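Reviewing the structure listed below.
Predicted model only: the values in this text are computed from it and were never measured. As a basis for the values below, the full set of heavy atoms in this structure was taken, side chains included, without hydrogen atoms, waters or symmetry mates.
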Amino acid sequence: MQFPTTLHTANITVTQATIAAYAELTDDFNPIHLDAEFAAGTPMGRPIAHGTMSLCLLWQCLGNSFPAQALQTMQLDIRFVKPVYIGDELTAGGEAVGDASGRWSVWVRGQDGTDRIVGLVSMLPR
């Protein structure tokens with residue numbers, strides 16, 4: 001299999017409606033995501049998007065870059081490094097590590113260029 005050196009990106013603009021729909025989908029109604037008054041009293045200072053919503057964007061990037069069967073042999077190791085807020089425009093992408101032998105550095109970035117998620121995806125042997 002020929003591996004890509006650059007992954008196809010996936011994008012989303014985070015809105016209150018997106019966060020509310022994701023809460024419904026996942027049954028995660030934590031007030032840090034949905035209640036501005038509650039969130040104002042937290043270290044975040046305002047509502048944040050669900051971390052797994054950004055992670056789903058990263059999986060969309062991988063799904064755009066590889067055939068479905070390849071996704072079954074991937075291991076993803078990530079860190080959430082910065083929260084995502086309403087209005088953030090996110091892009092998920094990545095690039096091959098070294099000789100493109102089945103490892104990619106992956107990220108989800110905001111419109112300001114800062115990473116929200118960073119990590120590594122590796123193709124595991126079958």
Side-chain angles (χ1 to χ4, degrees):
M1 168 185 273
Q2 181 68 25
F3 296 125
T5 56
T6 302
L7 304 183
H8 296 286
T9 58
N11 304 285
I12 191 172
T13 298
V14 178
T15 65
Q16 182 62 51
T18 306
I19 293 172
Y22 193 82
E24 286 287 332
L25 180 68
T26 60
D27 199 29
D28 179 351
F29 298 99
N30 186 318
I32 190 70
H33 307 302
L34 301 167
D35 183 334
E37 186 176 330
F38 174 86
T42 71
M44 301 302 164
R46 55 191 165 139
I48 59 171
H50 301 74
T52 52
M53 188 169 75
S54 301
L55 182 56
C56 287
L57 186 65
L58 185 52
W59 277 112
Q60 182 181 353
C61 164
L62 294 170
N64 292 340
S65 302
F66 297 95
Q69 65 271 19
L71 298 177
Q72 297 172 9
T73 64
M74 290 183 167
Q75 178 177 335
L76 183 60
D77 181 24
I78 57 121
R79 286 184 311 118
F80 295 91
V81 294
K82 188 174 178 183
V84 172
Y85 296 103
I86 295 168
D88 281 349
E89 299 170 11
L90 302 178
T91 301
E95 52 275 329
V97 174
D99 62 359
S101 62
R103 292 172 40 128
W104 296 264
S105 172
V106 293
W107 40 262
V108 175
R109 289 191 179 125
Q111 70 276 12
D112 61 357
T114 62
D115 291 329
R116 303 320 203 270
I117 295 176
V118 295
L120 185 68
V121 64
S122 303
M123 192 75 68
L124 300 174
R126 286 188 173 234

Establish whether [X] and [Y] are linked, either directly or via other cluster members, by ILVMFWY side-chain heavy-atom contacts under 4.5 Å.
X: Phe3; Y: Met74; result: yes
X: Phe29; Y: Val84; result: yes
X: Met53; Y: Ile32; result: no
X: Leu90; Y: Ile86; result: yes
X: Val108; Y: Tyr85; result: no

Does the side chain of [X] reach to within under 4.5 Å of the side chain of [Y], using non-hydrogen atoms?
X: Ile12; Y: Gln60; value: no
X: Leu55; Y: Leu76; value: yes
X: Asn11; Y: Glu89; value: no
X: Trp104; Y: Thr6; value: no

Nearest heavy atoms of [X] and [Y], plus distance in Å:
X: Gly51; Y: Phe80; result: O-CE2, 3.2 Å
X: Asp28; Y: His50; result: O-NE2, 3.1 Å
X: Cys61; Y: Ala10; result: N-CB, 3.8 Å
X: Ala39; Y: Arg46; result: CB-C, 3.3 Å
X: Leu58; Y: Trp107; result: CD1-O, 4.0 Å
X: Val81; Y: Ile117; result: CG2-N, 4.1 Å

Donor-acceptor contact present, side-chain [X] to main-chain [Y], <3.5 Å:
X: Asp115; Y: Val118; value: no
X: His33; Y: Ile48; value: yes
X: Arg116; Y: Arg109; value: no

**Q.** Derivation of the side-chain contact (heavy atoms from CB on, under 4.5 Å) call for Gln75 and Leu120
**A.** CA-CA 8 Å; Gln75 178 177 335; Leu120 185 68; over 6 Å; no
Separation between NE2 (His8) and OG (Ser65), nearest 0.5 Å, reads 5.0 Å
| said: Test side-chain contact (heavy atoms from CB on, under 4.5 Å) on Asp112 and Lys82; report intermediate values, then the result. | reply: CA-CA 12 Å; Asp112 61 357; Lys82 188 174 178 183; 3.8 Å; yes
